[in-house]
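Below: the structure, in structure tokens.
Chain letters run A, B, ... following the sequence lines, proteins first, then strands; residues in each count from 1.
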Protein chains: 2
Amino acid sequence: MLKESTVDIPHDCGDCPIRHRAVCARCESDELEQLDQIKYYRSFEAGQTLIWAGDKMDFVGSVVSGIATLTQTMEDGRTQMVGLLLPSDFVGRPGRDSAAYDVQAVTDIVMCCFRKKPFEDMMIRTPHIAQRLLEMTLDELDAAREWMLVLGRKTAREKIASLLAIIARRDAVLNMTKKRGPLVFDLPLTREAMADYLGLTLETVSRQISALKNDGIISLEGKRRVTVPDFNRLLEEAADDSDGGMLV
Amino acid sequence: MLKESTVDIPHDCGDCPIRHRAVCARCESDELEQLDQIKYYRSFEAGQTLIWAGDKMDFVGSVVSGIATLTQTMEDGRTQMVGLLLPSDFVGRPGRDSAAYDVQAVTDIVMCCFRKKPFEDMMIRTPHIAQRLLEMTLDELDAAREWMLVLGRKTAREKIASLLAIIARRDAVLNMTKKRGPLVFDLPLTREAMADYLGLTLETVSRQISALKNDGIISLEGKRRVTVPDFNRLLEEAADDSDGGMLV
DNA sequence: CCATGAATTTGATCTGGGTCAAGGATTGAA
DNA sequence: TTCAATCCTTGACCCAGATCAAATTCATGG
């Protein structure tokens, strides 16, 4: 199995797919040039662990493409996913030198990394970066709090429906699919990863997906491709009162 | 019952109890003066709801003294606490004009508020504020993720032990109590509020507290005063591998 | 000192989701 | 094409924690 490789085909920030959503979103061209000095790309294969909790981290970075997870593991092996990293999401924390969570590639993934020390120095000089990072962190905090409600108070069926709604929503935004008609998307996560996200067992995840299928809320093509004929019905199942706000 | 009152005894920032931990921690004296222009104090009684989710928010602010909670409520009444606000914690989000969560006073509470628009303007001019707010937000995100593990994977007993450990730890830090000997502190939350924090029912909270008492992990004086004879045993019960780091 | 009501404890019972176990489906390597 | 390794589904059973229902304790004001 291939390990990790430092890609040396340098992207030009100008046509970077996450240019306008990542931590560099607000940067002017001179600021981008400075970032360019300290950046490098790394790619990983699906299944690899990019970072182990407790590891020394000498970089921070952004997911350029692919999906990764942030997970916490207890001594006895129980694990809880605490974040799902999508393109443009930020990894690492300025001012901390060891990783707090395991980071694992769910799909093949490319990251745009910055050496930590120079990045921290630059953050002080460049308010645009700190501003954008604050905004992104506040968004993540909101997402984490939303997830606390799911974990603490929702039933297994509601949890699954909530996760499907989130993935469907994200997919609709990324792929700019037509608003009308059934949504179709692929589940990026295994049943086990979904279980770790939702605080369930993989058996319960499987059963609830089957139940939603039997009730006509979703249909499946293979194990991973999901069709949602009526998004509002899915939201009802998720007991989600913020009715699809994002989808507009 | 008294409603809310705008306290007109102006604190001097110089002897503010949260001067060095709040969003203003890094500010120089000239920056404090600017903040002083847009600040005002508000106080609330225990039990009052300071802010309702969805309300228009024309201010942000810091808890000066007392304790408040951030909670989310579903249409059918299920509620989940998503944050516990202690002195120096920040309320509100720059760049958002309505509240995302209910904020309730658990004890009598005093807040130092800033009018939102001027505060936002000042944030742009004053990197010290944005820097500190970023740091605080990253800490909150870590706390939220820690809590996701508690909600998703811990048993009822472990949840209670985790909460007690957090409160004990905070209390030890605030009151600078002696490191050795049994810890003693008051529970600021009702059984119901603890249940909302932990994703449990109040009956289960009560039962697990009784169980910890019977097992000698804690002892109670009245309903609220807790003694922890051996903090490490409590941490074991919490299945907490980050063994007491903060307590040093 | 008593009445009232909130907060808490405790008991009895029920159930959603966990656990254990057995097969299927899909993939890729040999 | 067969084998092995994952990943997923489904069934049977069980238990931690929810639910329903009383007590009991505690604080407060009259």
ask   = Roughly, in whole Å, what's the span from NZ in B:Lys213 to C1' in C:dT10?
value = 11 Å
ask   = Can you tell me how far C1' of D:dC7 sits from CG of A:Leu189, to the nearest Å?
value = 14 Å
query = Should the ring pair A:Phe59 and A:Tyr40 be called parallel, tilted or perpendicular, given that the plane angle runs from 0 to 90° and is split at 30 and 60?
reply = perpendicular
task = Mind calculating the distance between CG (B:Leu202) and C1' (C:dT9) to the nearest angstrom?
result = 10 Å
ask   = Contact class for B:Thr190 vs. all strands (heavy atom < 4.0 Å): base, sugar-phosphate, or nothing?
value = sugar-phosphate
message = At 4.0 Å (heavy atoms only), tell me whether A:Thr201 reaches a base, stays on the sugar-phosphate, or touches nothing.
response = base
key: side-chain N/O A:Thr204 vs C:dG18 OP1/OP2, d < 4.0 Å   = yes
query = Do A:Arg207 side-chain and D:dG11 base share a donor-acceptor contact under 3.5 Å?
reply = yes
message = Measuring to OP1 and OP2 of D:dC7, would you say a side-chain N or O of A:Arg224 lies under 4.0 angstrom away?
response = no
key: Rounded interatomic separation in angstrom, taking CZ from A:Arg225 and P from D:dC8   = 16 Å
task = Find the distance B:Lys223:NZ to C:dT10:P and express it as a whole number of Å.
result = 7 Å
key: Rounded interatomic separation in angstrom, taking CD from A:Glu203 and C1' from C:dG16   = 14 Å
key: Of residues 191-200 of chain A, the positions that come close to DNA chain C - non-hydrogen atoms, cut-off under 4.0 Å   = A:Gly199, A:Leu200
remark   = So CG of B:Leu220 and CG of B:Leu187: to nearest 0.5 Å the spacing works out to 7.5 Å
message = Short of 4.0 Å, heavy atom to strand atom, which residues of residues 147-158 of chain B count as contacting DNA chain C?
response = none
key: Inter-end axis angle, the helix from C:dC1-D:dG30 to C:dA30-D:dT1, with every axis fitted to five base pairs (rounded, 10 degrees)   = 40°
